[in-house]
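Everything below concerns the one structure shown next.
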Amino acid sequence: RWRTNAPHTHARSMTDGAPALADARTAEQFFAEAVRAGTYDSPALARCRKGAFPKLGAFTCELEVTSELTNRFGTLHGGCVATLVDVLTTVALLTVTKQGGVSTDLNVSYCAPAPTGSRVLITCEVLKVGKTLAWMECVLKNEDGDVIATGRHTKFLPVAMPVSKL
């Protein structure tokens, strides 16, 4: 089980009327299911270690850069970085909402390479949760603390639709 300082209680931290949950257990379950799914993102997520929830709306972990996550130049693939930003910011989001939502915008800025065999520290944080949108950011750093990449992620949070009376 991952380390957490986030309470396992309902909270409205960082929300403006959005559905609140939250609880690191939901985020942990989402992450575990994503690793086991055998989908595109599974190999990268399976390399994440030392996951922690330092506070509500935040998630950190370390990534071991293995050859299956690299490009032909032997550095962490940009598509892998974008996938990590997408999924791991959702993990952070699930500590403050009941739903992961649907991506509306994902932006990644690549600053430096991460070679095979290196470790990358990933920090994700929810910036704000509104009634229908959530904004998150993610920073990936090497072991020396140099920024490898930064990402911003916006998600639409579905609202309950009324049942048709037809």
Side-chain angles (χ1 to χ4, degrees), residues 1-9 11 13-14 21-71 74-103 105-129 134-155:
R1 194 154 159 107
W2 289 348
R3 292 177 291 136
T4 180
N5 292 331
H8 289 285
T9 60
S13 173
M14 302 165 44
L21 156 63
D23 177 334
R25 290 175 292 201
T26 301
E28 289 171 349
Q29 181 179 359
F30 170 83
F31 183 87
E33 289 172 358
V35 170
R36 287 190 307 265
T39 55
Y40 172 79
D41 48 1
S42 297
L45 297 174
R47 301 297 177 273
C48 292
R49 302 282 186 261
K50 298 183 181 178
F53 300 92
K55 62 181 181 179
L56 285 176
F59 176 72
T60 63
C61 66
E62 285 184 10
L63 173 76
E64 176 189 354
V65 180
T66 60
S67 61
E68 69 183 339
L69 305 180
T70 61
N71 56 31
T75 61
L76 185 60
H77 194 285
C80 181
V81 171
T83 297
L84 291 166
V85 169
D86 181 3
V87 177
L88 298 180
T89 55
T90 301
V91 171
L93 178 63
L94 286 170
T95 68
V96 293
T97 68
K98 292 181 182 179
Q99 61 225 358
V102 178
S103 298
D105 184 53
L106 182 75
N107 173 278
V108 180
S109 297
Y110 303 95
C111 305
T116 303
S118 65
R119 293 204 180 274
V120 176
L121 175 61
I122 304 171
T123 304
C124 300
E125 186 170 358
V126 177
L127 302 175
K128 180 178 172 77
V129 178
W135 296 267
M136 292 82 61
E137 69 179 1
C138 184
V139 178
L140 291 81
K141 294 182 178 181
N142 65 20
E143 293 171 298
D144 294 329
D146 300 322
V147 175
I148 294 167
T150 61
R152 299 262 239 182
H153 189 194
T154 305
K155 284 198 147 191

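Quick caveat, the model's predicted, so the values are computed rather than measured.
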Donor-acceptor check, side chain of [X] to backbone of [Y], threshold 3.5 angstrom: yes or no?
X	Y	answer
Thr95	Gly57	yes
Ser42	Ala34	yes
Asp144	Asp146	no

So, do [X] and [Y] sit near enough that their side-chain heavy atoms are less than 4.5 Å apart?
X	Y	result
Pro115	Val65	no
Gln29	Leu94	no
Leu45	Leu88	yes

Output the distance between atom [atom1] ([X]) and atom [atom2] ([Y]), rounded to the nearest 0.5 Å.
X	Y	atom1	atom2	value
Leu63	Lys50	CG	NZ	12.5 Å
Ser103	Met136	OG	CE	7.0 Å
Leu140	Ile148	CG	CD1	6.0 Å

Nearest heavy atoms of [X] and [Y], plus distance in Å:
X	Y	answer
Ser118	Ala114	OG-C, 3.7 Å
Gly100	Thr90	CA-CG2, 4.1 Å
Gly151	Val85	CA-CG1, 4.0 Å
Cys61	Leu121	O-CD1, 3.4 Å
Glu137	Thr89	O-CG2, 3.9 Å
Asp86	His153	OD1-CE1, 3.1 Å

request  = Evaluate side-chain contact (heavy atoms from CB on, under 4.5 Å) for Arg152 paired with Leu127, printing each intermediate quantity in order.
outcome  = CA-CA 10 Å; Arg152 299 262 239 182; Leu127 302 175; 2.7 Å; yes
query = Who pairs with Thr66 by side chain to side chain contact (heavy atoms under 4.5 Å, CB included), at least two apart in sequence or on another chain?
reply =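 Once residues adjacent in sequence are excluded, the partners of Thr66 under the side chain to side chain contact (heavy atoms under 4.5 Å, CB included) criterion are Arg47, Glu64, Glu68, Leu69.
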request  = Just jot down the side chain to side chain contact (heavy atoms under 4.5 Å, CB included) partners of Ala92, sequence neighbours excluded, or say none.
outcome  =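 If we apply the side chain to side chain contact (heavy atoms under 4.5 Å, CB included) test to Ala92, skipping adjacent residues, the hits are Phe59, Cys124, Val126.
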Which pairs would a plain distance check flag for residues 74-84, meaning a side-chain donor or acceptor within less than 3.5 Å of a matching protein atom at least two apart in sequence or in another chain?
{"residue": "Thr75", "atom": "OG1", "partner": "Asn71", "partner atom": "OD1", "Å": "3.3"}
{"residue": "Thr75", "atom": "OG1", "partner": "Asn71", "partner atom": "ND2", "Å": "3.1"}
{"residue": "His77", "atom": "ND1", "partner": "Gly79", "partner atom": "N", "Å": "2.8"}
{"residue": "Thr83", "atom": "OG1", "partner": "Gly79", "partner atom": "O", "Å": "2.9"}

